[in-house]
A.B. asks: 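This structure is in structure tokens; I'll ask about it shortly.
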Amino acid sequence: MAPSRNGMILNPHFHKDWQKRVRTWFNQPARKLRRRKARQAKARRIAPRPVAGPLRPAVRCPTIRYHSKLRTGRGFSLEELKAAGINRKVARTIGIAVDTRRRNRSTESLQTNIQRLKEYRSKLIIFPRKATAPKKGDSTEEELKMATQLTGPIMPIKNVYKKEKARVISEDEKNFKAFASLRMARANARLFGIRAKRAKEAAEQDVEKKK
């Protein structure tokens, strides 16, 4: 803390062995190389599966601030897998992430992820467990020869933003008072119950007067 006004001069304690208490970061270049080698080793180990891991669903970020953005989620819901015609146990074996806790709150997200699953399924190449005895659903020999390991993200999600064209501001928009409208809306919401109660009491009094 810096000295303030005409006070006592502070006694800085710089005689301690502070060099021992400083954390250095000289191993960063070596760790960078180690991480890269680990990624390459993992890619060789899981080949010909995609490097990025299993397929993830497209989900919207929470809260009103970020809900316009699409991103990858944890896993596909059971409803999405059922609609796409994929067994929940088989899904994990063919590189599809499953999240049993996730629920579909809107039809739009459900249809988006169903389409995503169907597209992935159409592009998928499944290797047989035994090369000599392929089973139903396995890819053909021609498709197996074409198979290469995918290095980038699987079916990346693209956020499309529609840009509005410039236009002339109308008279109604010029005369519109946003602040006053918001104040009135808040007041109406706050006083809704009191006004309803008063209206009910007034109606009851009119009925009593007519009697």
Side-chain angles (χ1 to χ4, degrees), residues 19-63 65-105 108-161:
Q19 286 94 340
K20 286 184 179 178
R21 294 169 176 82
V22 173
R23 181 162 183 176
T24 58
W25 199 241
F26 300 133
N27 59 351
Q28 191 191 14
R31 283 200 174 177
K32 183 181 178 182
L33 186 67
R34 188 171 74 182
R35 284 195 299 271
R36 184 165 183 236
K37 284 180 179 177
R39 283 196 300 272
Q40 289 171 345
K42 186 185 176 183
R44 285 194 297 271
R45 190 171 65 249
I46 64 170
R49 299 184 193 92
V51 175
L55 179 74
R56 308 275 179 187
V59 298
R60 292 212 172 265
C61 299
T63 72
R65 186 173 182 180
Y66 301 108
H67 67 27
S68 60
K69 187 186 174 188
L70 271 175
R71 64 168 176 83
T72 51
R74 182 185 175 84
F76 290 90
S77 67
L78 301 178
E79 193 180 351
E80 288 164 356
L81 291 168
K82 191 177 180 182
I86 300 168
N87 189 344
R88 58 193 286 189
K89 289 182 179 177
V90 175
R92 286 193 174 100
T93 63
I94 58 173
I96 298 170
V98 182
D99 187 6
T100 54
R101 296 174 296 180
R102 208 172 122 249
R103 301 283 179 271
N104 290 100
R105 304 292 184 190
E108 185 186 358
S109 68
L110 178 69
Q111 293 300 325
T112 303
N113 284 319
I114 289 167
Q115 193 60 38
R116 193 170 164 81
L117 282 167
K118 285 180 179 177
E119 189 184 342
Y120 174 77
R121 195 76 180 83
S122 64
K123 293 178 180 178
L124 191 65
I125 296 172
I126 299 174
F127 281 72
R129 284 179 181 275
K130 287 185 179 179
T132 53
K135 291 184 178 180
K136 185 185 175 184
D138 293 340
S139 300
T140 58
E141 287 185 15
E142 289 77 19
E143 288 175 331
L144 295 178
K145 286 174 184 176
M146 289 165 60
T148 54
Q149 191 176 31
L150 186 70
T151 51
I154 308 167
M155 294 170 64
I157 295 163
K158 293 174 184 176
N159 281 290
V160 181
Y161 300 103

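This is a predicted model, so every value here is computed, not measured.
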A.B. asks: Can you tell if the side chain of Pro128 reaches within under 4.5 Å of the side chain of Leu144, non-hydrogen atoms only?
C.D. replies: yes
A.B. asks: Would you find a donor on one side and an acceptor on the other, under 3.5 Å apart, between the side chain of Arg56 and the backbone of Gly75?
C.D. replies: no
A.B. asks: Could you measure the distance from the NZ atom of Lys130 to the CG atom of Asp138? Nearest 0.5 Å is fine.
C.D. replies: 13.0 Å
A.B. asks: Enter the distance from Glu80:CD to Ile86:CD1 here, rounded to the nearest 0.5 Å.
C.D. replies: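 Here the rounded value is 10.5 Å.
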A.B. asks: Provide the closest heavy-atom pair for Leu70 versus Asn159 in the form atom of the first, atom of the second, distance.
C.D. replies: N-OD1, 2.8 Å
A.B. asks: Return yes if some donor-acceptor pair links the side-chain N/O of Arg60 with the main-chain N/O of Ser68 below 3.5 Å, else return no.
C.D. replies: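 Looks like yes, one N/O pair under 3.5 Å.
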A.B. asks: What heavy-atom pair brings Pro50 and Ile154 nearest, and what distance separates the two atoms?
C.D. replies: CB-CD1, 3.7 Å
A.B. asks: Can you confirm whether Ile126 sits close enough to Glu143 that some side-chain heavy atom of one is under 4.5 Å from a side-chain heavy atom of the other?
C.D. replies: no
A.B. asks: Quick check: closest heavy atoms across Pro54 and Ala97, and the distance to 0.1 Å?
C.D. replies: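 Result for this residue pair: CB-N, 3.8 Å.
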A.B. asks: Applying side-chain contact (heavy atoms from CB on, under 4.5 Å), can you list everything that pairs with Arg35, at least two apart in sequence or on another chain?
C.D. replies: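 If we apply the side-chain contact (heavy atoms from CB on, under 4.5 Å) test to Arg35, skipping adjacent residues, the hits are Arg31, Lys32, Arg39.
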A.B. asks: Can you list everything that forms a side-chain hydrogen bond (donor to acceptor under 3.5 Å, both in side chains) with Lys135? Sequence neighbours excluded, please.
C.D. replies: none
A.B. asks: Quick one: does any side-chain atom of Tyr120 pair with a main-chain N or O of Gly95 as donor and acceptor, under 3.5 Å?
C.D. replies: yes
A.B. asks: Tell me whether Arg116 contacts the main-chain N or O of Met155 through its side chain, where contact means a donor paired with an acceptor under 3.5 Å.
C.D. replies: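 Confirmed, Arg116 side chain pairs with Met155 backbone.
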A.B. asks: Kindly give the heavy-atom pair with the smallest separation between Ala52 and Gly152, and that separation in Å.
C.D. replies: CB-O, 3.7 Å
A.B. asks: Between Arg103 and Arg101, is there a donor-acceptor pair closer than 3.5 Å when you use the side chain of the first and the backbone of the second?
C.D. replies: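 At least one qualifying donor-acceptor pair exists.
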A.B. asks: About how many Å separate CD of Gln111 and CG of Asn104, when rounded to the nearest 0.5 Å?
C.D. replies: 9.5 Å
A.B. asks: To check you understand the geometry: which heavy-atom pair defines the closest contact between Pro57 and Ile157, and what is its length?
C.D. replies: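 That would be O-CD1, 4.1 Å.
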A.B. asks: Any chance you could measure Leu78, atom CG, to Asn87, atom CG, to the nearest 0.5 Å?
C.D. replies: 10.5 Å
A.B. asks: Under 6.0 Å from the CZ atom of Phe26, do we count more than 12 heavy atoms belonging to anything else shown?
C.D. replies: no
A.B. asks: Nearest 0.5 Å please: distance from the CG atom of Leu150 over to the OG1 atom of Thr148.
C.D. replies: 7.5 Å
A.B. asks: Taking NZ, NE, NH1 and NH2 as the nitrogens, is one of them in Lys123 or Glu119 under 4.0 Å from a carboxylate oxygen of the other?
C.D. replies: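 So Lys123 pairs with Glu119 through a salt bridge.
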A.B. asks: Are any non-hydrogen side-chain atoms of Leu81 and Ile96 less than 4.5 angstrom apart?
C.D. replies: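 Yes, side chains in contact.
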A.B. asks: For Gln149 and Arg49, indicate whether the former's side chain and the latter's backbone hold a donor-acceptor pair under 3.5 Å.
C.D. replies: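 Indeed, once roles are kept as given, a pair shorter than 3.5 Å links the two residues.
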A.B. asks: In terms of heavy-atom contacts, does CZ of Arg71 have more than 12 from other residues, nucleotides or ligands at under 6.0 Å?
C.D. replies: yes
A.B. asks: I'd like to check Arg88 versus Thr100 (side-chain heavy atoms, cut-off strictly below 4.5 Å). Are they in contact?
C.D. replies: yes
